[in-house]
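FYI, side chains are in, hydrogens and waters are out, and symmetry mates aren't considered; it's all heavy atoms of this structure. Note that this is a predicted model, so its numbers are computed, not measured.
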Amino acid sequence: MNQIAQHLDRKSKAALALLSGCRLQTLMSASSDIQVGSAVIEVLSVSIQLDKRRFIVIESDWDETPEEWMNFHTLSVRISETPKNIRYASSPPSNEGNYHFDHFSLHLGAESPVATIEVLEASVVGERESVTYDAGLLITRQDGLKVAIVRVDSILGSLLIAHTAADIAAITEGLVVTSRYGV
């Protein structure tokens, strides 16, 4: 059987290591989709501000296996000087703020440091090939708040964000923790 593995690269691992211990208050995205009656949010990317000129940008890209065309995703975590597709000025004029309010923000309450980041793995097994890949992250702050950021099973390459225990359980069902950053 042909086995395919797609995991976080060195740059993604280094970015996650930087996120551990950082004060987290808001997740941002250039766009979002929310269904009535659901607290789960679908986005194309997630940006997290580390400091005035550094952001973590999380994305997912769709791919498929060569023989059986089984879907899988490539999770990417990068350091950037700006949030992804969000207008931001690190040094705005005195009468303006850093952000133009043309984006989605999920405010998580008072700032709290990130205690742990768990990498979640998915696997798919076919008749002739199998694939394992990093499918998401579970971020836990020191105040106990948890946020899951997990790939959507589609070719769009979008991500789901969940912040309630029930929604986190639903979007992480079947995923396995493979590594942990932080305390």
Side-chain angles (χ1 to χ4, degrees), residues 7-34 38-61 73-120 134-152 156-165 167-168 171-172 175 177 179-183:
H7 297 289
L8 293 171
D9 61 15
R10 281 193 326 255
K11 286 184 179 181
S12 292
K13 291 175 181 178
L16 286 177
L18 280 177
L19 181 58
S20 179
C22 287
R23 300 185 69 75
L24 176 62
Q25 184 176 29
T26 304
L27 304 178
M28 298 175 288
S29 184
S31 61
S32 65
D33 183 45
I34 305 167
S38 174
V40 176
I41 304 153
E42 186 172 344
V43 297
L44 294 177
S45 66
V46 174
S47 294
I48 301 170
Q49 188 167 6
L50 298 176
D51 57 42
K52 198 170 188 173
R53 296 183 195 273
R54 281 192 320 166
F55 294 80
I56 295 276
V57 176
I58 304 167
E59 297 179 278
S60 176
D61 192 20
H73 298 265
T74 303
L75 197 62
S76 170
V77 184
R78 293 289 189 257
I79 301 294
S80 176
E81 292 181 1
T82 59
K84 175 94 177 183
N85 296 329
I86 296 171
R87 291 187 294 169
Y88 172 77
S90 61
S91 299
S94 60
N95 61 342
E96 294 182 19
N98 296 91
Y99 296 96
H100 295 268
F101 291 98
D102 60 350
H103 63 277
F104 170 80
S105 294
L106 175 61
H107 301 285
L108 304 172
E111 274 187 338
S112 181
V114 173
T116 60
I117 304 141
E118 296 174 323
V119 179
L120 307 172
D134 293 330
L137 305 170
L138 180 60
I139 300 169
T140 304
R141 299 190 324 178
Q142 286 182 4
D143 65 2
L145 182 94
K146 294 183 180 203
V147 177
I149 302 170
V150 177
R151 58 73 180 106
V152 175
L156 185 57
S158 56
L159 298 160
L160 295 176
I161 301 172
H163 63 283
T164 67
D167 289 334
I168 289 171
I171 71 168
T172 61
L175 302 181
V177 175
S179 60
R180 179 175 302 192
Y181 295 83
V183 184

Show the numbers, then the answer: is there a side chain to side chain contact (heavy atoms under 4.5 Å, CB included) between Ile41 and Asp33?
CA-CA 6 Å; Ile41 304 153; Asp33 183 45; over 6 Å; no
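- The closest donor-acceptor contact from the side chain of Glu59 to the backbone of Val77 lies at 3.5 Å or more, if one exists at all.
- Interatomic distance, OG of Ser179 versus NE2 of His7, reported as 9.5 Å (0.5 Å rounding).
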Mind running side chain to side chain contact (heavy atoms under 4.5 Å, CB included) on Leu27 and His163 for me, showing each step along the way?
CA-CA 11 Å; Leu27 304 178; His163 63 283; over 6 Å; no
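- Here Glu118 pairs with Arg180 in a salt bridge; the nearest charged N to carboxylate O distance falls below 4.0 Å.
- Between Ala162 and Ile168, the closest heavy-atom pair is O-CG1, 3.7 Å.
- Taking all atoms of both residues into account, the shortest heavy-atom contact from Ser60 to Ser158 is CB-O, 4.2 Å.
- Counting only heavy atoms from C-beta outward, the side chains of Leu138 and Leu175 never approach each other to under 4.5 Å.
- Considering OG1 of Thr82 and CD of Gln49, their distance stands at 11.0 Å, rounded to 0.5 Å.
- Using a 3.5 Å distance cut-off with no hydrogens or angles, the side chains of Ser112 and Arg23 do not pair a donor with an acceptor.
- Counting only heavy atoms from C-beta outward, the side chains of Thr140 and Leu145 never approach each other to under 4.5 Å.
- Considering CD1 of Ile117 and CG of Leu16, their distance stands at 5.5 Å, rounded to 0.5 Å.
- Distance alone, capped at 3.5 Å, places no donor-acceptor pair between the Ser12 side chain and the Ser76 backbone.
- A salt bridge does not link Asp167 to Lys146: none of the charged nitrogens lies less than 4.0 Å from a carboxylate oxygen.
- Separating the OH atom in Tyr181 from the OG1 atom in Thr116 is a distance of 12.5 Å, to the nearest 0.5 Å.
- To the nearest 0.5 Å, the span separating SG on Cys22 from CG on Asp51 amounts to 8.0 Å.
- Between the side chain of His73 and the backbone N or O of Val152 there is at least one donor-acceptor pair closer than 3.5 Å.
- Scanning all heavy atoms of the two residues, the minimum distance from Ser20 to Gly182 falls at OG-CA, 3.0 Å.
- Side-chain contact check for Ile48 versus Ile58: some heavy-atom pair is nearer than 4.5 Å.
- The structure places CE of Met28 at 9.5 Å from NE2 of His107, a figure rounded to the nearest 0.5 Å.
- Side-chain contact between Val57 and Ser47 is present, with heavy atoms from C-beta onward closer than 4.5 Å.
- In this structure, Asp143 pairs ionically with Arg141, as a charged nitrogen and a carboxylate oxygen lie closer than 4.0 Å.
- Residues Ile79 and Ile56 are in side-chain contact: their nearest non-hydrogen atoms beyond the backbone lie under 4.5 Å apart.
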Run the side chain to side chain contact (heavy atoms under 4.5 Å, CB included) check on Leu24 and Gln142 step by step: do they pass?
CA-CA 10 Å; Leu24 176 62; Gln142 286 182 4; over 6 Å; no
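- Side-chain atoms of Leu159 and Leu75, non-hydrogen and from C-beta on, do get closer than 4.5 Å to each other.
- Inter-residue side-chain proximity for Glu42 and Leu160 is flagged as met; some heavy-atom pair is nearer than 4.5 Å.
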Between Leu44 and Leu156, is a side chain to side chain contact (heavy atoms under 4.5 Å, CB included) present by the stated rule, with each step listed?
CA-CA 8 Å; Leu44 294 177; Leu156 185 57; 4.1 Å; yes
